[in-house]
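I have placed the structure first, in the form of structure tokens, so that the comments after it can refer back to it.
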Amino acid sequence: MFIVLVIFTFLYTGIITRLGWIQVIGTHSFSPHNVDLVERAVAQRREKLVLDTGRGMIYDRKGVPLTGEEQTGLAIFPLVRYSLGESEKIGKLGHILGVTEAEARLLLLNVKHAGFWKDKNGKIVPLREDQAQQIRELNIAGIVPLPVTTRYPKDGVAHHVIGYIGQNAKLIQDKYQEDLDAGVLRTTSKVGVAGLERAFQPFLAGVGEKSVSYFVDGRGNPLNGLDVRLNQTENSFYPLTLVSTIDAGIQKQLEAAFDSSPVDKGAAVVLDIKTRDVLAMVSRPDFDPSKLNTSPDTWKNRAIKQAVPGSVFKIVVAAAALEEGIVKPEDHFTCHGQLGKYGFSCWKKEGHGDITFEQAFEQSCNITFAEIAKKIGPEKLQLYATKMGLNQQIGWEKMPFYKLGKFQQLDGEDKGRVFAHNVPNRDEGILIQTGIGQRDVQLTPLQAANMAAIIADDGKKQKVRIVQSINYRNGTTFYRFEDRPLDGVDISPATARTLRFFMGGVVDHGTATMLQGLPWQAAGKSGTAQTVVQGEAKNNQWFVGFVPRESPRYAIAVLAEEQPTSGVNQAIKLFGSFVTNLAQEEKAAAAARHEAGR
């Protein structure tokens, strides 16, 4: 018994010592994870309604908010249940909100946690100023109009460009250890996980959220004597904001064109040819950034991810052949539909017969381009891929950039490639497959759009921007992103002009004649790449071009992935519908400006 008593004495002493350590010494830094027990205890009894995350906002090029804007919403707290006996006030509240007294009472009765009045789609119902004032005059405890900013509104656009925020302890430990050590971030903090939210996390982080909070007992009832408290940090300079290059109007039109088409998987990019600014960028399937249970297949931005390009790569082959003087536009080739070896064939089974190089480009003749690729050789193909902005990341980057080392605007951008590593690229079979954009060739829709912009701009190259500037909260500029050179020598203006002529012929009497009759004359190159998805043959359908043809302003690339092996090229069709809507919208806007100026 004595031994047992001694053992229990030691155990109790250990427990008391441990509890003393936790309660007195390790209160604010418990365990190796430095958990603040006081804060956690308070958090268990605190109900919080976030009015603004405190992160910097992201705007389009004209100042249109892309990450939501402040509006007045009806905040409802659980203590409203004590006001349900005031029938007259509840009836007036229902009248202001446009519902019956019974509906208003049912709404308030079911409130268990603080939140805002929302419609059936889960969107916060905005209040007009007169509605907000009338509700304030009712003076119902637990009901108050408050300014709120929804980070990702239900009707938002450019989800893949913006990305989303979420809790990611591993990302914080791997990338923001310095901020973690300084107490700026915690492992539970929300940080940018994808898109601009991730790329610009150090700038968008902000100085603290704006929220209202109150305290409850174990049953969730409000604790008397502890009023609702407003928590916010006032700073005229922070958080910083981003002014992107996105044009919200063009972005909406491109998304509408995608969503009205049968294309479930793919991407599209619209560039300003002169500035190389991204005006619109769409990826499908889409995702809801307000929900964090997103799968990688939906939030991955396919506009900056590589895919097999097919005949779009023939632009590179043509550029090399013209620039090196290997082939002239009027040179003749013969296509019988089959090369006669490697099982290589043309898409047109009966062949194109006698055909010039110019016609071969317009008709996308595989046999002709296989012969030309053999003459060019692998080194020149690699060289001209670089000249056309391929084989590299083309998004704006700089090193060093503040304390970030190498900084890139486009998070997760792929480089693309011509030949896979350790592949015998001099092998004739590999070379001819490469010449028609198959085998190991990969490029991104962003690179494809930029290639069209290079051709339309007489061969000039530069990095692509998706953010114009970082601004202080008061609107003054923190940093403006300047033009940056793109690696590699330019193609000559003469070659660019010939390629523009070739691409016009594709629309006039080639593989994209369905684009004839658009409000703006188009020029471009179609592509169909063979892929296999779960053992089934599919096609990646492309169209890359620019409009208007005579005075190019927009470079556009469209990719429709995993399409049937027969039927219309959906990428061409989508390109046409988008350009039509864009041209009509610009015409209507010009007419409105003219009318306003009269």
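A quick note: this is a predicted structure, and the numbers were derived from the prediction, not measured.
Take K406 and apply the side-chain hydrogen bond (donor to acceptor under 3.5 Å, both in side chains) test, not counting sequence neighbours, and it matches no residue. Residues passing the side-chain hydrogen bond (donor to acceptor under 3.5 Å, both in side chains) test with E362 are H509, sequence neighbours excluded. For Y384, the ring pair (Phe, Tyr, Trp, His ring centres under 6.0 Å) criterion is met by no residue, not counting sequence neighbours. Residues satisfying the side-chain hydrogen bond (donor to acceptor under 3.5 Å, both in side chains) test with S261, not counting sequence neighbours, are none. Shown here are the salt bridge (charged side-chain N to carboxylate O under 4.0 Å, His left out) partners of K380, two or more places apart in sequence or in another chain: E324.
Checking T498 against T495 by side-chain atom types alone, no donor-acceptor pair falls below 3.5 Å. Between T511 and S526, the side chains place a donor N or O and an acceptor N or O closer than 3.5 Å (distance only, hydrogens not considered). R417 and Q382 share no side-chain donor-acceptor pair at under 3.5 Å. Between K314 and S364, the side chains place a donor N or O and an acceptor N or O closer than 3.5 Å (distance only, hydrogens not considered).
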Q: May I have the step-by-step check of salt bridge (Lys or Arg N to Asp or Glu O under 4.0 Å) for D264 and R284, ending in yes or no?
A: CA-CA 6 Å; D264 298 322; R284 290 293 183 268; over 6 Å; no

Q: Determine, stepwise, if the pair Q408 / Q393 fulfils side chain to side chain donor-acceptor pair (under 3.5 Å).
A: CA-CA 9 Å; Q408 297 173 291; Q393 292 173 324; 2.6 Å; yes

**Q.** Residue pair K374, E371: steps toward the salt bridge (Lys or Arg N to Asp or Glu O under 4.0 Å) verdict
**A.** CA-CA 5 Å; K374 288 191 292 183; E371 295 292 348; 3.3 Å; yes

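Using modelled atom types, one side-chain atom of Q409 and one backbone atom of V467 make a donor-acceptor pair closer than 3.5 Å. A side-chain donor-acceptor contact under 3.5 Å links Q306 to the backbone of G416. In this structure, the side chain of T356 does not engage the main chain of E330 through any donor-acceptor pair within 3.5 Å. A donor-acceptor pair under 3.5 Å is formed between the side chain of K305 and the backbone N or O of G412. Between the side chain of N301 and the backbone N or O of A303 there is at least one donor-acceptor pair closer than 3.5 Å. Without hydrogens or angle criteria, E561 side chain to Q541 main chain gives no donor-acceptor distance under 3.5 Å. Without hydrogens or angle criteria, K461 side chain to D487 main chain gives a donor-acceptor distance under 3.5 Å. Not a single donor-acceptor pair under 3.5 Å links the side chain of N425 to the backbone N or O of F419. In this structure, N450 contributes its side chain and L446 its backbone to no donor-acceptor pair below 3.5 Å. Without hydrogens or angle criteria, K375 side chain to A321 main chain gives no donor-acceptor distance under 3.5 Å.
Side-chain atoms of L271 and L279, non-hydrogen and from C-beta on, never get closer than 4.5 Å to each other. Using a 4.5 Å heavy-atom threshold, the side chains of T565 and K538 count as separate. Considering only heavy atoms from C-beta on, E350 stays 4.5 Å or farther from H336 through its side chain. Residues F287 and K300 fail the side-chain proximity criterion, which asks for heavy atoms closer than 4.5 Å. By the 4.5 Å heavy-atom criterion applied to side chains, H159 and W299 are not counted as neighbours. At a threshold of 4.5 Å between non-hydrogen side-chain atoms, the residues F575 and T580 do not count as touching. Proximity of D457 to P552: side-chain heavy atoms (C-beta onward) are nowhere separated by under 4.5 Å. Annotation: side chain of K387 is in contact with side chain of E323 (closest heavy-atom distance under 4.5 Å).
In this structure, H352 has its ring center at least 6.0 angstrom away from the ring center of F333. Checked against the 6.0 Å centroid criterion, the rings of Y479 and F401 qualify as a close aromatic pair. Checked against a 6.0 Å centroid threshold, the rings of F407 and F200 count as neighbours. Aromatic ring centroids of F478 and Y402 lie under 6.0 Å apart. Between W396 and F481, a ring centre-to-centre spacing shorter than 6.0 Å is recorded.
Applying the ring pair (Phe, Tyr, Trp, His ring centres under 6.0 Å) rule to pairs touching residues 246-279 yields nothing, sequence neighbours excluded.
Rounding to the nearest 0.5 Å gives a distance of 10.0 Å between CZ of F502 and CD of Q359. Here the straight-line distance linking atom CD1 of I394 with atom CG of L486 works out to 7.0 Å at 0.5 Å rounding. The CZ atom of F357 lies 11.0 Å from the SG atom of C365; values are rounded to the nearest 0.5 Å. The OG1 atom of T275 lies 6.0 Å from the CZ atom of R465; values are rounded to the nearest 0.5 Å. From M57, atom CE reaches atom OG1 of T241 across 9.0 Å, with rounding to the nearest 0.5 Å.
Listed here is the closest heavy atom pair of T386 and Q392: O-NE2, 3.3 Å. Closest non-hydrogen pair, I376 versus L381, comes out as CG2-N, 3.9 Å. In this structure, V507 and Q516 approach most closely via the heavy-atom pair O-NE2, 3.1 Å. For A318 against L499, the heavy-atom pair with the smallest separation is CB-CD2, 3.8 Å. Across all non-hydrogen atoms, the minimal contact from Q438 to Q530 is OE1-N, 2.9 Å. Here the closest heavy-atom approach between residue V308 and residue Q442 is recorded as CG2-NE2, 3.4 Å.
Taking 4.0 Å as the cut-off between side-chain N and carboxylate O, K252 and D259 do not count as a salt-bridged pair.
Only one option out of Q468, Q251, R61 pairs with I246 in a side chain to side chain contact (heavy atoms under 4.5 Å, CB included); it is Q251.
Judged by the 6.0 Å and 45° rule, K525 forms a cation-pi pair with F361.
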